[in-house]
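Quick notes on the structure that follows.
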Amino acid sequence: MSDATLTDLYEVTMALSYVREGMVRPATFSCFVRDLPPDRGFLVAAGVETVLTHLEGFRVGQDDVEVFAETLQRPAKDLAPLLGMRFTGDVRAVPEGRVVLAGEPLLEITAPLPQAQLLESYVLNQLSHQTALASKCARCVLAAHGRPVVDFSLRRTHGTAVAHTVARLGAMAGFAGTSNVAAAHAEDLPAVGTMAHSYVEAFEDEEAAFTAFARCHPGPVTFLVDTYDTASGVAAAARVLTALGRGDGSAIRLDSGDLARLSRQARAMLDNAGLPQVRIVASGGLDEFAVHDLVTAGAPIDVFAVGTRVGVSADAPYLDSAYKLVAYDGRPVMELSAAKVSAPGRKQVFRRPGFLDVIGLADEAPPADSVPLLATLMRAGECYAPRDRLADARQRLTTDLAGLPGPARRIRSPQPVRAVVSHRLAVLTDRVRRRTEREMLAPFGAGA
């Protein structure tokens with residue numbers, strides 16, 4: 001069984017029907033987010049690289065056919081028309097790291113209809129989830145105002161594979177490191193970490209714990225100081241660092257309580273002990289909202305470690321995303337049902353300065369001073385360009401965030417930028433709507 005079975009059952013039933021009906025002409029599906037979640041002024045495109053990897057290896061084998069047949073409780077021969085199917089289509093997508101707005105296509109697939117249909121669930125899963133996570137990470141970096149942010153999410157993400165994804169997307173957003181050793185190694189990221197409360201509790205007192213830790217680990221160290229009483233923990237850390245001459249590059253970590261007040265107290269104690277170079281790391285349920293509040297309050301925190309709330313995108317764990325058929329066999333189509341209206345035709349997003357984006361048709365001339373966002377990444381099932389690097393995505397995001405209007409960058413009560421529709425797309429949408437409504441009403445006669 002391969003990853004081809006990572007699909008919803010109705011994708012299989014539709015694909016099989018298409019094949020049996022001979023409906024194998026090219027179809028274009030467009031993936032986009034209808035509306036942004038609350039407290040989001042923008043999104044960050046992500047997941048495209050995972051989708052491309054899936055498409056490169058997509059092939060329905062005999063084992064997959066048997067799984068489909070067993071699931072449908074039908075003989076394997078009934079599903080034989082799907083055997084050997086692989087992806088032979090084209091992919092146009094917004095490269096990872098670019099800021100996108102509501103309604104803008106993240107990706108468009110043009111392929112024989114059964115192929116494009118069978119891929120829907122996987123594409124939506126990866127683009128929706130990773131875009132939500134990348135957007136959360138980017139907002140943490142914005143909230144920190146230049147102070148380092150690190151990823152501590154491994155222990156509470158929804159699975160270890162997701163933890164790796166969070167570490168990668170955090171790095172794309174500008175995180176300074178991750179506690180996830182496997183992800184740090186695989187993605188060539190700085191690995192960061194300190195100690196747990198259990199380590200401190202295993203020793204007779206904090207000073208003994210800190211001394212043993214420093215003895216084991218040469219160079220800069222970070223001591224967790226709030227296992228019992230934060231003030232006594234900071235004092236113990238100061239004594240050990242002074243005695244060992246290990247202040248340069250070292251830090252203390254605060255993991256609970258009133259972080260603004262405690263960080264001020266700790267900063268004063270460290271400075272009075274002659275350790276102004278010792279940094280303060282804060283953790284414990286932080287996300288962009290908490291980081292923003294701490295920075296706004298002037299808390300002397302040097303590094304923010306974010307974990308659970310960011311790793312699961314706690315306040316916005318899903319996106320209102322869609323994967324809609326917009327053309328089949330050269331005929332533009334659209335959905336008219338309430339709250340699910342989709343614009344027809346293959347599209348392009350034209351970005352103008354100030355994020356005055358225009359959503360238009362793929363073949364129309366770009367507006368003045370605009371650049372297209374969707375790039376061709378696969379043709380005829382083969383990657384069309386060299387695969388993206390994490391550093392490239394990070395640079396794109398840095399550039400886009402710098403140009404994003406201030407109200408959209410706000411952490412609290414942001415004001416999203418809205419894309420507009422081109423004249424040609426508006427005309428096509430109206431024409432297809434009228435045609436579709438006529439076809440729907442035709443069976444009921446002229447008086448309907």
Side-chain angles (χ1 to χ4, degrees), residues 23 25-36 42-43 45 48 51-52 88-95 98-113 115-117 119-120 123-124 127 131 320-337 339-380 384-385 400 416-440:
M23 297 176 65
R25 301 292 295 168
T28 297
F29 283 82
S30 184
C31 184
F32 59 95
V33 177
R34 293 187 183 93
D35 295 297
L36 302 188
F42 63 91
L43 295 174
V48 172
V51 168
L52 293 177
T88 61
D90 302 341
V91 176
R92 298 165 54 252
V94 177
R98 298 232 57 170
V99 167
V100 292
L101 312 178
E104 296 182 344
L106 293 168
L107 172 147
E108 288 196 341
I109 285 178
T110 300
L113 180 56
Q115 295 177 26
Q117 188 72 70
L119 292 164
E120 174 181 7
V123 171
L124 267 177
L127 292 184
T131 295
D320 182 21
S321 54
Y323 180 90
K324 294 296 182 182
L325 179 68
V326 296
Y328 176 63
D329 195 17
R331 178 173 61 95
V333 299
M334 65 185 296
E335 185 174 347
L336 298 181
S337 57
K340 293 189 176 183
V341 175
S342 58
R346 296 173 61 248
K347 298 175 190 69
Q348 180 58 272
V349 179
F350 302 102
R351 174 146 298 162
R352 298 181 295 179
F355 281 72
L356 301 175
D357 291 5
V358 178
I359 304 174
L361 295 172
D363 61 353
E364 70 177 272
D369 299 324
S370 70
V371 294
L373 290 194
L374 278 77
T376 299
L377 302 181
M378 294 189 81
R379 278 190 175 168
Y384 181 67
D400 274 3
V417 186
R418 295 288 182 181
V420 299
V421 172
S422 73
H423 176 70
R424 276 193 58 192
L425 179 54
V427 170
L428 177 65
T429 301
D430 183 65
R431 178 164 58 83
V432 173
R433 178 193 293 274
R434 291 175 181 273
R435 183 200 71 198
T436 305
E437 289 174 342
R438 286 196 306 270
E439 292 172 350
M440 291 167 54

Looking at Phe29 and Gln117, what are the two nearest heavy atoms and their distance?
CZ-OE1, 3.6 Å

Inter-residue atom distance Leu325.CG - Leu113.CG, 0.5 Å rounding
6.5 Å

With a 4.5 Å cut-off on side-chain heavy atoms, are [Y] and [X] touching?
X: Leu374; Y: Pro105; result: yes
X: Val349; Y: Val94; result: no
X: Leu124; Y: Cys31; result: yes
X: Val91; Y: Leu107; result: yes
X: Asp90; Y: Thr376; result: no
X: Val333; Y: Pro344; result: no

Donor-acceptor pairs under 3.5 angstrom involving side-chain atoms of residues 353-364: please list them, not counting sequence neighbours.
residue	atom	partner	partner atom	Å
Asp357	OD1	Arg351	NE	3.1
Asp357	OD2	Arg351	NE	3.2
Asp357	OD2	Arg351	NH2	2.7
Asp363	OD1	Arg424	NH2	3.2
Glu364	OE1	Ser422	OG	3.4
Glu364	OE2	Leu361	N	2.6
Glu364	OE2	Ser422	OG	2.8

Salt-bridge contact Asp400-Arg98 (side-chain N to carboxylate O under 4.0 Å):
yes

Please check if the side chain of [X] supplies one atom and the backbone of [Y] the other of a donor-acceptor pair under 3.5 Å.
X: Glu108; Y: Arg346; value: no
X: Gln115; Y: Thr88; value: yes
X: Ser342; Y: Glu335; value: yes
X: Arg433; Y: Met334; value: no

Give a yes or no on this: more than 12 heavy atoms of other residues, nucleotides or ligands lie within 6.0 Å of atom CG of Asp430.
yes

